[in-house]
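Data block below; observations after.
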Amino acid sequence: MDAELIARQNELRSLLGEARVIAVVGISSRAWRPSHDVASYLQEHGYRILPVNPHETEVLGERVYPTLLDIPDDVRVDVVDVFRRAEHTPEVA
């Protein structure tokens, strides 16, 4: 396995090992979409997900926020996972 790939995997493990709350930007209520699948996996493994999508109201039993800025200030977000096309990511960042 490539040394760079191993380093990236170790970095990801470290990041997710400390994280508890993950905002999922671009989540879909459609179970066949990758965003739904990943969020479901995270939820099943003990992470709290905060769905973010202006076109959804509830996904995986969680209230959906229209934007990251709509997540209440008293909620700590450890990681933001973005499922948007590349041209839409600058506005998220």
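Taking Ile, Leu, Val, Met, Phe, Trp and Tyr as members and joining any whose side-chain heavy atoms lie under 4.5 Å apart, directly or through other members, the hydrophobic cluster of Val75 also contains Val21, Val25, Leu50, Val52, Tyr65, Leu68, Ile71, Val77, Val80, Val82, Val92.
Under the rule for a side chain to side chain donor-acceptor pair (under 3.5 Å), Glu58 has no partner lying at least two apart in sequence or in another chain. By the side-chain contact (heavy atoms from CB on, under 4.5 Å) test, Arg85 pairs with Glu87, His88, sequence neighbours left out. Every side-chain contact (heavy atoms from CB on, under 4.5 Å) that Pro66 has, sequence neighbours left out, goes to Pro54, Asp70. Taking the side chain to side chain donor-acceptor pair (under 3.5 Å) definition, one finds that Glu56 meets it with Ser29, sequence neighbours left out. Judged as a salt bridge (charged side-chain N to carboxylate O under 4.0 Å, His left out), and not counting sequence neighbours, the contacts of Arg76 are Asp78. Remark: Arg48 engages no residue in a salt bridge (charged side-chain N to carboxylate O under 4.0 Å, His left out) (not counting sequence neighbours). With sequence neighbours excluded, no residue forms a salt bridge (charged side-chain N to carboxylate O under 4.0 Å, His left out) with Arg13. Remark: Glu11 pairs with no residue by the side chain to side chain donor-acceptor pair (under 3.5 Å) rule, at least two apart or across chains. With sequence neighbours excluded, the residues satisfying side-chain contact (heavy atoms from CB on, under 4.5 Å) with Glu18 are Ser14. Looking at residues two or more places apart in sequence or on another chain, you find no side chain to side chain donor-acceptor pair (under 3.5 Å) involving Asp37.
A distance of 4.5 Å separates CG of Leu42 from CD1 of Ile22, quoted to the nearest 0.5 Å. How far CD1 of Ile27 is from CG of Leu60: 5.0 Å, rounded to the nearest 0.5 Å.
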Between Val24 and Phe83, does a side chain to side chain contact (heavy atoms under 4.5 Å, CB included) hold up when you go through it step by step?
CA-CA 7 Å; Val24 183; Phe83 287 89; 3.8 Å; yes
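Shortest non-hydrogen contact noted between Gly26 and Arg84 is CA-CD, 4.0 Å. Between Ser28 and Ser35, the shortest heavy-atom contact is N-OG, 3.0 Å.
For Arg8, the CZ atom sits in a loose shell: 12 or fewer heavy atoms of surrounding residues, nucleotides or ligands are nearer than 6.0 Å.
Applying the ring-ring contact (aromatic ring centres under 6.0 Å, His included) test to residues at least two apart or on different chains, the pairs with a partner in residues 31-53 are Tyr41-His45.
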